[in-house]
Amino acid sequence: MTPIERARQQVEQAKARYQALLARQNAEERKLDTRRKVILGGLLIDAAGKDERFGRVIDELMKRITRDHDHKAFEGWQKPEPDQS
């Protein structure tokens with residue numbers, strides 16, 4: 001293998017490592033974003049069971065759901081109502 005061929009191979013390997021690192025970073029960022037959304041959603045649902053203002057926020061957010069697939073995720077689900085005690 002000539003020095004140019006060897007250098008070209010090293011460049012291609014470096015590009016592949018770079019692409020793999022980018023893919024891993026993007027996957028981690030998506031995972032963290034999903035985790036944040038789940039946590040915030042849980043907090044919102046919990047807050048709706050304690051304060052009617054958050055229940056109204058959920059009502060408004062539910063009106064923004066446009067995809068049928070997303071609507072199906074909420075079939076039969078009822079938001080918690082605040083304790084009246």
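The first residue in the sequence is number 1, and the count goes up from there.
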Enquirer: What pairs of donor and acceptor atoms, side-chain ones from residues 70-77 against any protein atom, are under 3.5 angstrom apart with sequence neighbours left out?
Expert:
from : atom 1 : to  : atom 2 : distance (Å)
D70  : OD1    : R67 : NH2    : 3.1
D70  : OD2    : R67 : NE     : 2.8
D70  : OD2    : R67 : NH2    : 3.1
H71  : NE2    : I65 : O      : 2.9

Enquirer: Please determine whether side-chain contact (heavy atoms from CB on, under 4.5 Å) holds for the pair K37 and L40, giving the CA-CA distance in whole Å, both sets of side-chain angles, and the decisive distance to 0.1 Å.
Expert: CA-CA 5 Å; K37 290 174 184 175; L40 283 173; 5.9 Å; no
Enquirer: Could you measure the distance from the CG atom of L21 to the CZ atom of R24? Nearest 0.5 Å is fine.
Expert: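 So the CG of L21 and the CZ of R24 are separated by 5.5 Å.
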Enquirer: Only counting residues at least two apart or in another chain, list the ones meeting salt bridge (Lys or Arg N to Asp or Glu O under 4.0 Å) with D68.
Expert: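 Testing D68 for salt bridge (Lys or Arg N to Asp or Glu O under 4.0 Å), a comparison that skips the adjacent residues, returns none.
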Enquirer: Does the side-chain contact (heavy atoms from CB on, under 4.5 Å) test come out yes or no for V11 and R8, once each step is laid out?
Expert: CA-CA 5 Å; V11 167; R8 182 176 290 127; 5.6 Å; no
Enquirer: Do you know which two heavy atoms are closest between L61 and L44, and how far apart they sit?
Expert: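 Scanning both residues, the minimum pair turns out to be CD1-CD2, 3.8 Å.
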Enquirer: Quick one: which residue pairs count as a side-chain hydrogen bond (donor to acceptor under 3.5 Å, both in side chains) with a foot in residues 9-18, not counting sequence neighbours?
Expert: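 The answer is none; no pair qualifies.
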Enquirer: Sequence neighbours left out, what passes side chain to side chain contact (heavy atoms under 4.5 Å, CB included) with I39? Give chain and number order.
Expert: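 Scan of I39 (side chain to side chain contact (heavy atoms under 4.5 Å, CB included), adjacent residues dropped) gives R35, L43.
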Enquirer: Distance-only check: which donor-acceptor pairs under 3.5 Å involve side-chain atoms of residues 48-55, not counting sequence neighbours?
Expert:
from : atom 1 : to  : atom 2 : distance (Å)
K50  : NZ     : D46 : OD2    : 2.9
D51  : OD1    : R53 : N      : 2.9
D51  : OD1    : R53 : NE     : 3.2
D51  : OD2    : R53 : NE     : 3.0
D51  : OD2    : R53 : NH2    : 2.6
E52  : OE2    : R56 : NH1    : 3.1

Enquirer: Given 3.5 Å as the limit, does a donor-acceptor pair link the side chain of E60 with the main chain of V57, or not?
Expert: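 No, the answer is negative, given that no donor and acceptor are paired below the 3.5 Å cut-off.
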Enquirer: If the condition is side chain to side chain contact (heavy atoms under 4.5 Å, CB included), which residues does N26 pass it with, not counting sequence neighbours?
Expert: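 For N26 the side chain to side chain contact (heavy atoms under 4.5 Å, CB included) partners, ignoring immediate neighbours, are E29, R30.
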Enquirer: Is there a side-chain contact (heavy atoms from CB on, under 4.5 Å) between R36 and L32 once you walk through the steps?
Expert: CA-CA 6 Å; R36 288 181 189 125; L32 185 57; 3.0 Å; yes
